[in-house]
Amino acid sequence: MINRIKGTQDIAFEDIEYWQYIEQAVRNITFRYAYNEIRTPIFEATELFKRSVGESTDVVQKEMYTFDDKGGRSITLRPEGTASVARAFIENSFINLGSPVKLFYMGPMFRYEKPQAGRLRQFHQFGAEILGSASPMADFEIIELAYEFLKEVKINKTRLFINSIGCPSCRARYREALREYFRDKVDGMCEDCRRRFDSNVLRLLDCKIDREQSENAPNILEYLDEECRKHFEDLKWYLEKARIDYEIDPHLVRGLDYYSRTAFEIRSPSLGSQDQIVGGGRYDGLVEVIGGKSCPAVGFAIGMERIVMLLKAEKVNIPTDRNSEVAILATGREESLRGFEYARRLRKAGISTYVDVMERNMRNQMKHAARIGAKISVIIGDEELEKDLVTVKIMMDGSQYQVDGDYMVDYIIDKLRDI
RNA sequence: GUGGUUGUAGCUCAGCUGGAAGAGCGCCUGACUGUGGAUCAGGCGGUCGCGGGUUCGAACCCCGCCAGCCACCCCA
């Protein structure tokens with residue numbers, strides 16, 4: 001027996017309905033916000049992710065699926081979507097389409113991590129990006145879009161956290177202040193913190209073990225320069241006016257290197273420890289880092305399996321169109337031939353039609369028709385064959401009607417309307 | 001990557017101190033001569049996660065590995 005790869009999943013039947021529901025919501029919301037879909041390759045040159053995500057991040061250091069292809073090129077299965085979008089933006093000169101460029105994507109991402117509920121090695125993200133606008137209006141729209149998406153799929157109990165991590169120069173000053181603050185504390189802190197003191201001081205803030213140590217730490221918001229502060233104030237103003245509740249979390253430090261100024265997350269109390277469903281922020285430096293002309297940008301990514309988990313946890317009703325509408329049951333060779341003919345007519349009329357292909361008796365065909373949720377069964381036995389009739393059975397109440405074969409399709413369309 | 005926990009039929013799970021692999025549900029078939037969700041009967045289906053070891057004998061004990069789950073790390 002060959003099993004699926006660790007951290008991957010097969011999605012079918014009941015589960016696939018959640019995905020189709022979510023994908024439909026993505027299409028609805030992005031259409032209404034006038035975003036354009038982009039599909040990039042799921043693998044890219046390794047260098048792209050090293051440069052954009054950041055050499056020092058966990059994603060690049062230990063979570064990438066990287067291999068050499070037969071030409072000796074280092075290839076990596078994309079661990080996230082933004083880098084590819086930025087690359088495509090530069091490579092195809094989308095900037096000439098007029099700024100800003102609003103894009104969305106959805107699809108599989110790959111990270112070599114230890115799986116647990118809500119965290120997989122192949123997982124799926126829906127993301128949106130605005131490239132070309134430095135305005136807090138763009139930050140606002142991105143957050144609003146994520147917010148409206150959650151409303152669209154009927155997830156309610158979420159909390160939005162925002163922060164600003166400033167521009168590189170604010171951050172440099174803040175880093176100094178943090179080092180000053182932690183200098184005499186770090187020896188008593190956990191091993192990770194001691195390591196991060198040098199490599200990434202900001203990360204000391206969200207250490208769960210040494211939480212109390214950072215309680216009185218300097219707040220990054222007090223180290224923002226005038227422009228960054230204004231940007232953050234404007235974003236908050238738009239959020240407040242739109243009545244989108246937010247909480248400021250000065251410890252919110254996004255993991256990926258390319259973020260600047262706005263960082264935000266949406267978390268849900270209905271999930272376990274993997275409770276973050278949306279992560280996003282501004283990444284004004286990214287496009288330049290991977291070789292384009294400097295271009296401000298902001299975006300988010302939403303974890304689709306976490307949305308599925310939430311829909312289940314919150315018992316959101318998912319519409320289903322899985323049931324076939326009509327099942328064709330025939331009792332013999334000639335009858336079956338006629339059955340296929342009638343099935344073609346029904347399908348041509350756009351009706352989902354199931355044909356039994358098991359050569360079993362009427363009872364068992366009927367049993368199966370009921371099982372798959374057929375609303376109507378069309379019975380073709382020797383009598384119907386001879387008289388060019390069909391017997392139409394309404395499964396819900398068991399009522400039956402003999403109908404001329406030529407009128408069958410119209411008759412069934414009519415009946416389906418009432419069911 | 002670290003720690004904990006679980007793994008027996010498609011699903012949910014029994015299986016005593018180590019002594020012939022089971023039930024319910026589902027699936028297929030029949031009772032029903034052309035009619036479903038009911039009943040009854042029969043059948044298919046298991047290398048007991050995998051591999052070693054201990055033992056006369058292992059689903060059960062020991063070791064390793066694999067996979068799921070939980071927490072950490074990190075993140076969506």
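Just so we're on the same page: letters track the sequence lines, and every chain starts at 1.
In this structure, A:K312 satisfies the cation-pi test against A:Y18, with its NZ or CZ atom closer than 6.0 Å to the six-membered ring centre and inside 45 degrees of the ring normal. No cation-pi contact links A:K236 to A:F140, judged by a cut-off of 6.0 Å to the six-membered ring centre and 45° from its axis. Annotation: cation-pi geometry satisfied between A:R121 and A:Y112 (NZ/CZ under 6.0 angstrom from ring centroid, within 45° of ring axis). For the pair A:R78 and A:F43, the cation-pi test (distance below 6.0 Å, angle within 45°) is failed.
In this structure, CZ of A:F161 is placed 16 Å from C1' of B:A76, rounded to the nearest angstrom. Here B:A76 presents its C1' atom at 12 Å from CG of A:L310, a figure rounded to the nearest Å. Atom pair A:K367:NZ and B:C28:P shows a separation of 7 Å (rounding to whole Å applied). The CD atom of A:Q276 sits 14 Å away from the P atom of B:C73 (whole-angstrom rounding). Distance CZ (A:R78) to P (B:A76): 14 Å, rounded to an integer number of Å. Protein atom CZ of A:R371 is 13 Å distant from nucleotide atom P of B:U29, rounded to whole Å. The nearest whole Å value for the distance from the NZ atom in A:K393 to the P atom in B:G37 is 9 Å. To the nearest angstrom, P of B:U35 lies 13 Å from CD of A:E383.
A:Q274 contributes no side-chain N or O that forms a donor-acceptor pair with the base of B:A71 under 3.5 Å. For B:C75, the base has a donor-acceptor partner in the side chain of A:R306 [N/O atoms by modelled type, under 3.5 angstrom].
Under the 4.5 Å side-chain criterion, counting only non-hydrogen atoms from C-beta, A:Y342 is not in contact with A:T353. The closest side-chain heavy-atom distance from A:R261 to A:C228 is below 4.5 Å.
Residue-level contact check: A:G381 touches the bases, meaning some heavy atom is under 4.0 Å from a base atom. Residue-level contact check: A:E63 touches the backbone only, with heavy atoms under 4.0 Å from sugar-phosphate atoms and none from bases. If you check every strand for non-hydrogen atoms under 4.0 Å, A:E384 touches a base. No engagement by A:E305 is indicated, since no non-hydrogen atom pair under 4.0 Å with the nucleic acid exists. If you check every strand for non-hydrogen atoms under 4.0 Å, A:V59 touches nothing. Within the nucleic acid shown, A:A369 has no heavy atom closer than 4.0 Å to any nucleic acid atom. Residue A:E80 is classed as having no contact, given no heavy-atom separation below 4.0 Å to the nucleic acid.
In the region residues 23-31 of chain A, proximity to RNA chain B at under 4.0 angstrom, judged on heavy atoms, holds for none of the residues. The stretch residues 357-365 of chain A touches RNA chain B through A:R360, A:N361, A:M362, A:R363, A:N364, each having a heavy atom under 4.0 angstrom from the strand.
Here the separation of B:A20 from B:A59, taken at their P atoms, is 11 Å to the nearest Å.
Applying the salt bridge (charged side-chain N to carboxylate O under 4.0 Å, His left out) criterion to A:D69, with sequence neighbours excluded, gives A:R73. With sequence neighbours excluded, no residue forms a ring-ring contact (aromatic ring centres under 6.0 Å, His included) with A:F232. In this view, A:D418 satisfies the side-chain hydrogen bond (donor to acceptor under 3.5 Å, both in side chains) rule with no residue, not counting sequence neighbours. For A:D275, there are no side-chain hydrogen bond (donor to acceptor under 3.5 Å, both in side chains) partners two or more places apart in sequence or in a different chain. Residues satisfying the side-chain hydrogen bond (donor to acceptor under 3.5 Å, both in side chains) test with A:E47, not counting sequence neighbours, are none.
For the salt bridge (Lys or Arg N to Asp or Glu O under 4.0 Å) condition, the pairs that include at least one residue of residues 28-44 of chain A, sequence neighbours left out, are A:R27-A:E37, A:R32-A:E152, A:E37-A:R39, A:E44-A:R87. Pairs of residues two or more places apart, or lying in two chains, that qualify as ring pair (Phe, Tyr, Trp, His ring centres under 6.0 Å) and include a residue from residues 117-136 of chain A are A:W19-A:H124, A:F126-A:F149, A:F126-A:F300. Annotation: side-chain hydrogen bond (donor to acceptor under 3.5 Å, both in side chains) contacts involving residues 154-177 of chain A, sequence neighbours excluded, comprise A:R159-A:E247.
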Can you pull every protein N or O that's under 3.5 Å from an N or O on nucleotides 65-69 of chain B?
| residue | atom | partner | partner atom | Å |
| --- | --- | --- | --- | --- |
| B:A67 | OP2 | A:K6 | NZ | 3.2 |
| B:G68 | OP1 | A:G7 | N | 2.9 |

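Inspection of the A:N28 and A:Q24 side chains reveals an N or O donor paired with an N or O acceptor under 3.5 Å.
Position along RNA chain B of the nearest nucleotide to A:H368 versus A:S399 favours A:H368 as the more 5'-ward residue.
Taking a pair as Watson-Crick or G-U with both hydrogen-bonding distances under 3.5 Å, the stems of three or more pairs touching RNA chain B are B:1-7 with B:66-72, B:10-13 with B:22-25, B:27-31 with B:39-43, B:49-53 with B:61-65.
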